[in-house]
Amino acid sequence: MGYRFLKVQTTDRIYSQPFLLAHPQHKQLSYQQLLDLYIREYSGWSINYGPHLELLGNQALEICINLEELQKKWAKEQGVSYQNGNWFSEIFAAQLKAFRPDILFLDDLYLLDRDFRQFVRDVCPTKVKIVGWRAAPTEDYSIFRDLDLVLTCTPLFARMMQAHGANAQLIIHAFESEILNSIETGQERDIDFSFIGHFVLRNGFHNERLSLVEHLMDTTNLSVWGTISEVPPNTVSSRVANKLKHGLDKAFDLVGMSDKAPAIISAAAYRGPVANNIMRKYGARFQTPVFGEDYFKVLARSKINLNKHIDCAEEFAGNLRLFEATGMGSCLMTDWKINLPEMFEPDAEIISYNSAEECAEKVRYLLDHEEKRKEIALAGQRRVLRDHTYRKRAEQLDEIFRKLL
């Protein structure tokens with residue numbers, strides 16, 4: 001017997017507003033048409049569980065809870081009334097009553113905090129198991145003890161949560177193989193070496209990544225698609241500072257998502273002297289970030305793709321780029337971590353490095369030895385399509401959820 005799975009994700013106006021402006025016809029679209037368009041263009045990691053869980057005999061629904069245009073469209077079509085000042089909670093309460101989920105999956109435990117989770121339990125017409133996602137260090141891990149389950153992508157965070165009384169389990173990221181059917185992958189790879197991601201210059205975030213990338217831009221032909229976010233000076237107002245902190249905190253929680261989650265970009269408005277100097281120094285080689293299908297198109301054009309985990313990842317690998325770059329057939333160049341061999345065979349399916357100098361040397365070797373690079377890239381892609389697809393992960397999640405129920 002199957003269960004009812006409701007996935008709740010959040011977005012950011014820095015992404016959602018340009019998305020709506022790029023599709024002026026959105027006002028004429030139905031709720032489902034607009035949701036499908038949003039999902040297709042964003043191509044986020046968290047949207048990929050539902051369809052595969054349905055293939056396993058369950059019912060699945062996806063909601064973007066804070067995309068106001070979308071949520072109000074659902075309410076209008078369903079004849080649901082609400083107060084404009086309280087649309088967020090009133091519309092979602094109606095969705096809970098309409099779908100009656102057995103499993104509620106929350107991807108943003110910053111916005112969807114303990115108070116929100118209690119609200120869910122109060123209004124949900126059936127007993128629901130609440131599952132959350134967290135892949136970031138937290139000041140107080142005990143705040144997750146009210147969740148029935150917390151999922152994370154690295155052993156480090158799972159251990160920290162468990163040590164503070166939370167029911168945490170490891171579920172590593174994966175690749176959605178259907179993307180290969182919508183992105184042209186047979187074209188010539190005209191980008192030698194790429195990095196697509198973000199640099200939050202805050203303790204524990206991406207300071208090491210930026211140093212690495214600067215070295216590689218000086219010693220190789222690395223091309224970057226990304227943004228640099230600097231903490232604003234102390235003179236900034238507390239309101240702006242708090243807004244930045246929320247954006248960075250959510251970005252941190254999304255570390256496993258190739259740094260392309262829209263919330264990250266909310267911090268990009270605070271571009272300071274470091275970013276300005278890099279833009280002047282490297283010019284067109286440091287380009288604006290790409291998302292969704294455009295992100296995968298850059299991977300499909302890249303011979304080698306660089307990965308560098310967030311500073312606080314310590315000795316563990318686990319971000320999403322590991323699987324997206326290899327899944328798109330790019331040769332992955334990633335920082336060495338002790339659990340890498342559990343996911344890929346180093347030097348056969350991916351290439352690892354321990355320093356910026358070693359990374360540059362290996363990049364030059366692979367670009368000079370085309371057949372070897374292609375052999376490794378193909379082996380990495382085969383491994384992903386065999387072991388690291390969302391169909392595989394959905395089977396693991398299905399087993400976890402059934403035990404939870």
Side-chain angles (χ1 to χ4, degrees), residues 39-58 60 151 153-154 170-189 191 193-197 256-260 290-307 309 317-335 337 339-352 366 370-400:
I39 289 174
R40 185 171 70 249
E41 293 210 356
Y42 177 39
S43 301
W45 70 280
S46 56
I47 64 175
N48 295 306
Y49 292 133
H52 297 292
L53 288 173
E54 287 193 330
L55 292 174
L56 296 172
N58 308 296
L151 298 174
C153 62
T154 71
L170 179 70
I171 185 87
I172 64 174
H173 283 301
F175 175 68
E176 180 49 67
S177 56
E178 280 299 311
I179 292 171
L180 296 173
N181 296 325
S182 60
I183 304 288
E184 184 181 353
T185 56
Q187 61 184 322
E188 180 182 355
R189 293 184 180 266
I191 302 171
F193 187 27
S194 67
F195 176 79
I196 314 167
M257 288 178 262
S258 300
D259 310 292
K260 58 189 176 60
V290 285
F291 307 100
E293 290 187 352
D294 290 336
Y295 166 80
F296 290 104
K297 286 176 181 177
V298 173
L299 289 177
R301 294 171 53 201
S302 300
K303 295 177 181 177
I304 305 170
N305 183 251
L306 176 68
N307 185 40
H309 285 83
N319 66 6
L320 187 52
R321 192 184 294 106
L322 291 169
F323 308 99
E324 290 174 332
T326 47
M328 293 306 297
S330 180
C331 183
L332 178 69
M333 179 71 64
T334 188
D335 46 337
K337 303 290 183 181
N339 62 330
L340 264 181
E342 299 173 16
M343 295 173 275
F344 295 96
E345 183 179 349
D347 300 325
E349 297 171 337
I350 60 170
I351 300 294
S352 64
L366 290 170
E370 187 76 359
E371 291 307 312
K372 182 65 174 176
R373 178 195 62 78
K374 289 181 178 179
E375 176 186 325
I376 294 170
L378 184 59
Q381 187 178 50
R382 282 197 302 262
R383 178 65 180 271
V384 165
L385 296 179
R386 187 189 76 195
D387 295 338
H388 301 307
T389 64
Y390 277 103
R391 179 57 192 266
K392 290 278 188 180
R393 296 295 178 270
E395 291 171 357
Q396 297 169 10
L397 276 181
D398 186 59
E399 182 177 352
I400 291 172

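It should be emphasised that the depicted structure is a prediction, and the values quoted were computed from it without experimental measurement. When a residue number appears, it is its place in the shown sequence, counting from 1.
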Engineer: Quick check for you: to the nearest 0.5 Å, what is the distance between Glu349 atom CD and Leu340 atom CG?
Structural biologist: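 The distance works out to 11.0 Å.
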Engineer: I need the minimum non-hydrogen distance between Arg189 and Ser302, along with the two atoms involved.
Structural biologist: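 So the two residues come closest at NH1-O, 2.8 Å.
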Engineer: Less than 4.5 Å apart, any side-chain heavy atom of Phe175 and any of Leu180?
Structural biologist: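 Side chain of Phe175 against side chain of Leu180, heavy atoms only: contact under 4.5 Å found.
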Engineer: Which heavy atom of Ala325 sits nearest to which heavy atom of Leu332, and what is that distance?
Structural biologist: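 Closest heavy-atom pair between Ala325 and Leu332: CB-CD1, 3.9 Å.
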Engineer: Side chains of Met328 and Ile183: does their closest heavy-atom pair fall under 4.5 Å?
Structural biologist: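 Yes. Closest side-chain heavy atoms under 4.5 Å.
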Engineer: Tell me whether the centres of the aromatic rings in His388 and Phe323 are closer together than 6.0 Å.
Structural biologist: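 His388 vs Phe323: aromatic centres under 6.0 Å.
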Engineer: Which heavy atom in Ser330 sits nearest to a heavy atom in Ala377, and how many Å separate them?
Structural biologist: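 Smallest heavy-atom distance, with atoms named: C-CB, 4.0 Å.
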Engineer: If you look at every heavy atom in Leu385 and Ser177, which pair is closest and at what distance?
Structural biologist: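 Answer, listing the atom of Leu385 first, then Ser177: CD2-CB, 3.8 Å.
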Engineer: Distance check, rounded to the nearest 0.5 Å: Ile304 atom CD1 versus Leu366 atom CG?
Structural biologist: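 Interatomic distance, Ile304 CD1 to Leu366 CG, rounded to 0.5 Å: 4.5 Å.
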Engineer: Do any N or O atoms from the side chain of Asn307 and from the backbone of Leu322 form a donor-acceptor pair under 3.5 angstrom?
Structural biologist: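 Absent.
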Engineer: CG of Asn305 to CD1 of Ile350: how many Å apart, nearest 0.5 Å?
Structural biologist: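 Result: 12.0 Å between the selected atoms.
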Engineer: Could you grab the distance from atom CD1 of Ile376 to atom CZ of Phe344, nearest 0.5 Å is fine?
Structural biologist: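 Answer for the CD1-CZ pair, Ile376 versus Phe344, is 13.0 Å.
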Engineer: Under a 4.0 Å threshold between the charged nitrogen and the carboxylate oxygen, would Glu370 count as salt-bridged to Arg373?
Structural biologist: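 Glu370 and Arg373: salt-bridged.
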Engineer: Give a yes or no answer on whether the side chain of Arg391 reaches the backbone of His52 with a donor-acceptor pair at less than 3.5 Å.
Structural biologist: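 No, because the side chain of Arg391 does not come within donor-acceptor range (under 3.5 Å) of the backbone of His52.
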Engineer: Would a distance-only check, ignoring hydrogens and angles, find a side-chain to backbone donor-acceptor pair under 3.5 Å from Glu54 to Ala60?
Structural biologist: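 It does hold such a pair.
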Engineer: Considering all heavy atoms of both residues, which atom of Gln396 and which atom of Ile171 are nearest to each other, and what is their separation?
Structural biologist: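 For Gln396 versus Ile171, the nearest heavy atoms are OE1-CD1, 3.3 Å.
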Engineer: Return the CE to NZ distance between Met343 and Lys337, rounded to the nearest 0.5 Å.
Structural biologist: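 So the gap between those two atoms works out to 10.5 Å.
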Engineer: Hey, what do you get for CG (Leu56) to OH (Tyr49), rounding to the nearest 0.5 Å?
Structural biologist: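 So the gap between those two atoms works out to 13.5 Å.
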Engineer: In this structure, which one of His309, His173, Glu324 forms a side-chain contact (heavy atoms from CB on, under 4.5 Å) with Asn319?
Structural biologist: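 Of the listed options, the one satisfying the test is His309.
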